[in-house]
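Computed from heavy atoms alone, side chains included, the values below leave out hydrogens, waters and symmetry copies.
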Amino acid sequence: MATVQETLENIKGRFDESAAAGQTLTFQFDITDDKTYYAAIEDGALEIAEGTKDDAHVTLIMDSETFVGLMSGELDGMQAFMTGKLRTEGNMMLASKLGEFFKQ
């Protein structure tokens, strides 16, 4: 299984700049058995870094196995949410749109 860091590097390469054009959004990932990271999208550009952002639009809280599964497409986000593997804080509907910014 890939690590959180490997998964973050992988999604950078799958970022869809055209889907993110005109968007200003921050997704925060609170990995309960790892660290906290954020993905800030600003008008087609992506910044992924360790740490927190005070202005995060949504925070996704999960363990590293769930994070890797979600970001690789092997785990369905709604299923993870319904089974308690994923919790959110902030704009929950925005969490469902995360996949739109990354090509599979």
Side-chain angles (χ1 to χ4, degrees):
M1 179 175 92
T3 67
V4 169
Q5 195 62 44
E6 290 167 340
T7 301
L8 289 168
E9 288 300 318
N10 179 275
I11 64 173
K12 286 180 185 177
R14 294 182 11 235
F15 182 64
D16 186 349
E17 295 173 359
S18 62
Q23 300 288 324
T24 301
L25 304 167
T26 302
F27 297 89
Q28 190 158 285
F29 307 104
D30 183 356
I31 313 298
T32 57
D33 59 344
D34 195 280
K35 299 175 183 169
T36 300
Y37 302 88
Y38 66 86
I41 297 171
E42 183 149 355
D43 195 23
L46 173 67
E47 174 192 11
I48 294 180
E50 184 180 324
T52 61
K53 281 281 220 183
D54 291 335
D55 61 347
H57 293 89
V58 64
T59 299
L60 294 94
I61 305 160
M62 70 204 99
D63 64 18
S64 57
E65 182 179 354
T66 302
F67 176 77
V68 170
L70 286 174
M71 300 311 285
S72 68
E74 294 174 13
L75 179 62
D76 177 69
M78 186 56 71
Q79 180 184 14
F81 182 78
M82 298 302 282
T83 58
K85 292 181 177 182
L86 169 65
R87 293 182 295 124
T88 62
E89 293 178 357
N91 187 341
M92 186 170 113
M93 295 307 292
L94 186 58
S96 65
K97 296 185 180 288
L98 178 63
E100 294 176 13
F101 300 109
F102 300 94
K103 302 170 191 163
Q104 284 296 341

Any [X] side-chain heavy atom under 4.5 Å of [Y] side chain:
X: Leu60; Y: Leu86; answer: yes
X: Thr36; Y: Gln28; answer: yes
X: Gln5; Y: Tyr37; answer: yes
X: Ile61; Y: Phe29; answer: no

Distance in Å, [X] [atom1] paired with [Y] [atom2], rounded so as to fall on 0.5 Å steps:
X: His57; Y: Leu94; atom1: NE2; atom2: CG; value: 7.0 Å
X: Glu100; Y: Leu98; atom1: CD; atom2: CG; value: 9.0 Å
X: Phe101; Y: Asp16; atom1: CZ; atom2: CG; value: 9.0 Å
X: Arg87; Y: Asp30; atom1: CZ; atom2: CG; value: 7.5 Å

*Just jot down the salt bridge (Lys or Arg N to Asp or Glu O under 4.0 Å) partners of Glu50, sequence neighbours excluded, or say none.*
Lys35
Name the atoms and distances for all side-chain donor-acceptor pairs under 3.5 Å in residues 63-77, with sequence neighbours left out.
unit_1	atom_1	unit_2	atom_2	d
Asp63	OD1	Glu65	N	3.3
Asp63	OD1	Thr66	N	2.8
Asp63	OD1	Thr66	OG1	2.8
Ser64	OG	Asp33	OD1	3.3
Ser64	OG	Asp33	OD2	2.9
Ser72	OG	Val68	O	3.0
Ser72	OG	Gly69	O	3.1
Ser72	OG	Glu74	N	3.4
Asp76	OD2	Met78	N	3.2
Asp76	OD2	Gln79	N	2.9

*What pair of heavy atoms forms the shortest contact from Phe15 to Ala20, and how long is it?*
CZ-CB, 3.4 Å
*If you draw a 6.0 Å radius around CD in Glu17, do more than 12 non-hydrogen atoms from other residues or ligands fall strictly inside?*
no
*Go through Phe81 and Thr88 one step at a time and tell me if the side chain to side chain contact (heavy atoms under 4.5 Å, CB included) criterion holds.*
CA-CA 8 Å; Phe81 182 78; Thr88 62; 4.2 Å; yes
*Could you tell me whether the side chain of Asp43 and the main chain of Gly22 form a donor-acceptor pair under 3.5 Å?*
yes
*Just by distance, do the side chain of Glu6 and the backbone of Thr3 share a donor-acceptor pair under 3.5 Å?*
yes
*Among Thr59, Thr52, Asp55, Thr26, whose side-chain contact (heavy atoms from CB on, under 4.5 Å) with Tyr38 holds?*
Thr26
